[in-house]
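Positions are given from 1, in the same order as the sequence printed here. Just so it is clear, the structure is predicted and the values come from calculations on it, not from any experiment.
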Amino acid sequence: MYDILIVGGGPAGLTAAVYARRAGKSVLVLEGTGFGGQIASSHLVENYPAIPAVSGADYSEALTAQAKALGAETQFGRVSGLRREGDGFVLTVRKKEFEGRAVILATGAKHRKLGVTREEELTGRGVSYCAVCDGAFFKGRDTAVVGGGDSALQAALFLSGVAKSVTLIHRRGEFRGQEANEAAVRQRENITLALDSQVVELLGENALSGLVLENRAGERRELAAEGLFIEVGQEPDNGLFSQLAQLDEGGYFQAGEDCRTGTPGIFVAGDCRAKELRQLTTAVADGSVAATAACQWLDR
């Protein structure tokens with residue numbers, strides 16, 4: 001039996017593993033997609049204190065290596081069940097069971113879909129949710145990005161260095177990302193803004209060939225685009241754990257800054273938790289708080 005089972009190998013989960021191991025606790029980190037979390041696909045991280053610039057992949061690799069070097073064990077596989085048993089908990093992964101005295105849920109959040117017809121059908125055939133992952137496939141082509149936050153601004157900036165053109169589509173008249181990112185976008189000659197507009201139709205038979213945009217006045221126009229990168233936010237995937245950790249209306253874990261749930265022995269950390277700001281810095285902060293709280297709970 002492990003002292004702490006951690007669900008999620010992103011920045012929050014891996015930071016929790018670092019803190020728990022430094023406190024002398026045995027730790028198993030379970031990850032179902034890829035260690036490092038979504039930050040691993042970020043082209044460039046420029047807002048992490050004391051590190052002026054680092055790729056998301058390099059940061060994730062370093063954090064994963066740090067946790068392992070300290071003795072944290074890792075297991076790849078999606079968790080399919082969590083139950084209380086005796087004085088601890090049992091996590092199920094691909095018919096295997098892992099026992100732990102405490103659990104930290106650092107499940108993160110997944111990309112929110114746009115919700116337009118044929119989105120699923122054209123995913124992987126022009127529609128993508130990761131510019132860094134798939135941008136190279138659209139070298140010299142016309143592309144578009146949907147969204148108004150930092151992730152959309154950063155995606156547009158990255159694509160502008162690869163694609164022939166980038167149209168940044170946002171349903172509002174103003175962006176909600178950092179001023180530095182917006183200023184950089186406005187300076188790129190091959191980035192065109194389509195504000196107060198939304199995608200209402202995807203064009204193309206076997207692959208994306210264009211979009212239909214509609215503005216606030218209800219006017220529609222076609223836009224040539226072989227690549228569409230959707231950056232309209234994230235949503236949690238916490239339903240599996242709702243019996244042991246209460247969720248809010250948005251599906252996020254209801255826990256305060258102490259990262260404690262209503263179930264003794266279960267803690268939450270990172271983007272899966274209900275909070276105002278979801279950034280790399282807040283994820284690692286949650287990881288350290290959750291691990292410390294879990295260690296204190298175990299010691300008592």
Inter- and intrachain pairs under ring-ring contact (aromatic ring centres under 6.0 Å, His included), touching [range], at least two apart:
| range | value |
| --- | --- |
| residues 146-202 | His43-Phe158, His170-Phe175 |
| residues 57-103 | Tyr48-Tyr59 |
| residues 229-262 | Phe138-Phe229 |

For [X] and [Y], work out which heavy atoms get closest and say how close.
| X | Y | value |
| --- | --- | --- |
| Val116 | Val199 | CG2-O, 4.3 Å |
| Leu213 | Ala194 | CD1-CB, 4.2 Å |
| Ala72 | Ala17 | CB-CB, 4.0 Å |
| Ile266 | Thr261 | O-OG1, 2.8 Å |
| Asp271 | Gln234 | OD2-OE1, 3.6 Å |
| Leu153 | Gly177 | CD1-CA, 3.9 Å |

Candidate pair Glu97 and Arg83, rule side chain to side chain contact (heavy atoms under 4.5 Å, CB included), full reasoning: CA-CA 10 Å; Glu97 293 188 339; Arg83 70 179 187 272; 3.1 Å; yes
Check: Arg273 main-chain N/O paired with Arg278 side-chain donor or acceptor under 3.5 Å: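 Checking the backbone N and O of Arg273 against the side chain of Arg278, a donor-acceptor pair under 3.5 Å is found.
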Side-chain donor/acceptor of Arg101 to backbone N/O of Met1, under 3.5 Å: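 No, the answer is negative, given that no donor and acceptor are paired below the 3.5 Å cut-off.
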Chi angles and distances behind the side chain to side chain contact (heavy atoms under 4.5 Å, CB included) call for Arg188, Val166: CA-CA 10 Å; Arg188 297 290 173 93; Val166 183; over 6 Å; no
Can you list the residues that meet the salt bridge (charged side-chain N to carboxylate O under 4.0 Å, His left out) rule with [X], with sequence neighbours excluded?
| X | result |
| --- | --- |
| Glu119 | none |
| Arg221 | none |
| Arg141 | Glu226 |
| Lys275 | Asp286 |

Other residues, nucleotides, ligands: >12 heavy atoms within 6.0 Å of Glu121 CD: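 Enclosed: over 12 neighbouring heavy atoms sit under 6.0 Å from CD of Glu121.
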Over 12 non-hydrogen atoms of neighbours within 6.0 angstrom of CD in Gln254: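 Enclosed.
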Examine [X] and [Y] and state if one hydrophobic cluster contains both, with Ile, Leu, Val, Met, Phe, Trp and Tyr joined whenever side-chain heavy atoms are less than 4.5 Å apart.
| X | Y | answer |
| --- | --- | --- |
| Val289 | Phe267 | no |
| Tyr2 | Val90 | no |
| Val27 | Phe35 | yes |
| Val79 | Leu5 | yes |
| Leu211 | Ile191 | no |

Pair Asp150, Gln154: side-chain N/O donor-acceptor within cut-off below 3.5 Å: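 No pair is found: no donor N or O on one side chain lies under 3.5 Å from an acceptor on the other.
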Modelled atom types, side-chain donor and acceptor of Ser26 and Asp3, under 3.5 Å: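 The answer is yes; a qualifying pair exists.
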[X] vs [Y] side-chain heavy atoms within contact, under 4.5 Å:
| X | Y | result |
| --- | --- | --- |
| His111 | Gln38 | yes |
| Arg216 | Arg171 | no |
| Leu14 | Thr64 | yes |
| Lys68 | Thr74 | yes |
| Val185 | Leu193 | yes |

Carboxylate-amine/guanidinium proximity below 4.0 Å for Arg118 and Glu205: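 Salt bridge flag = no for Glu205 with Arg118.
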Listed once per pair and sorted, the side chain to side chain donor-acceptor pair (under 3.5 Å) pairs that draw on residues 16-25, sequence neighbours left out: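 Qualifying pairs, neighbours excluded: Lys25-Asp299.
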Worked check of side chain to side chain contact (heavy atoms under 4.5 Å, CB included) between Leu114 and Val232: CA-CA 7 Å; Leu114 194 59; Val232 293; 4.0 Å; yes
Could I get the full list of side-chain hydrogen bond (donor to acceptor under 3.5 Å, both in side chains) partners for [X], not counting sequence neighbours?
| X | result |
| --- | --- |
| Ser60 | none |
| Asp258 | none |
| Thr107 | Asn238 |

Nonpolar side-chain network containing Val200, other nodes, edges under 4.5 Å: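 Members besides Val200, by chain and number: Leu203, Val212.
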Residues Ile4, Cys295; criterion side chain to side chain contact (heavy atoms under 4.5 Å, CB included); working and verdict: CA-CA 8 Å; Ile4 302 176; Cys295 292; 4.2 Å; yes
